[in-house]
Amino acid sequence: MTRRGGRIVISDFDWDAEIYDHPDREDTRSIVQAISDGIKHGQIGRALPRLLLDAGLTDLTVESHGIRLT
């Protein structure tokens with residue numbers, strides 16, 4: 001339980017939102033889907049706000065950050 005005015009920070013990924021710059025669009029989409037589907041709860045990042053609201057948390061702020069891997 002968090003005291004009144006307390007904060008909780010949660011971070012996770014939405015593996016379906018990966019972005020690759022590659023000329024073969026169809027193969028790239030297949031790879032992203034295979035990676036996401038191969039990870040248990042690969043789309044949990046997009047579900048977190050709903051799950052937190054369902055758990056009774058209120059006053060949510062959601063921030064999305066892109067990460068570039070080279």
Side-chain angles (χ1 to χ4, degrees):
M1 182 173 277
T2 304
R3 67 179 165 196
R4 183 176 297 273
R7 293 179 183 216
I8 298 172
V9 176
I10 298 174
S11 176
D12 211 326
F13 294 99
D14 180 343
W15 291 97
D16 247 7
E18 284 187 292
I19 299 171
Y20 295 95
D21 179 23
H22 190 274
D24 190 327
R25 184 181 297 182
E26 187 174 322
D27 282 348
T28 302
R29 288 180 176 160
S30 295
I31 291 168
V32 169
Q33 184 177 10
I35 291 170
S36 180
D37 290 349
I39 297 170
K40 187 174 183 177
H41 307 297
Q43 296 178 343
I44 193 73
R46 70 179 68 184
L48 281 174
R50 175 181 46 81
L51 295 171
L52 294 171
L53 288 169
D54 290 349
L57 278 76
T58 59
D59 195 22
L60 295 181
T61 300
V62 177
E63 293 183 17
S64 178
H65 298 274
I67 299 171
R68 182 175 183 181
L69 304 175
T70 57

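Just so we're clear, the structure is a prediction, and the values are computed from it rather than from any experiment. Every heavy atom of this structure was used, including side-chain atoms; hydrogens, water molecules and symmetry mates were not.
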Quick one: do V62 and L57 end up in the same hydrophobic cluster if we chain Ile, Leu, Val, Met, Phe, Trp and Tyr together by side-chain heavy atoms under 4.5 Å apart? no

For W15 and V32 the tightest heavy-atom approach is O-CG1, 3.8 Å

Do you know the tightest heavy-atom contact between I44 and F13? CG2-O, 3.8 Å

Output the distance between atom [atom1] ([X]) and atom [atom2] ([Y]), rounded to the nearest 0.5 Å.
X   : Y   : atom1 : atom2 : answer
D59 : L53 : CG    : CG    : 10.5 Å
I31 : E26 : CD1   : CD    : 11.0 Å
S11 : E63 : OG    : CD    : 10.5 Å

Residues which pass side chain to side chain contact (heavy atoms under 4.5 Å, CB included) with D14, listed by chain and number, not counting sequence neighbours: D16, A17, Q43, R46

Sequence neighbours excluded, which residues qualify as side chain to side chain contact (heavy atoms under 4.5 Å, CB included) partners of S30? none

Just do the side-chain contact (heavy atoms from CB on, under 4.5 Å) check on E18 and I35 with the steps written out, would you? CA-CA 9 Å; E18 284 187 292; I35 291 170; 3.6 Å; yes

Residues two or more places apart in sequence or in another chain: which of them pass ring-ring contact (aromatic ring centres under 6.0 Å, His included) with Y20? none

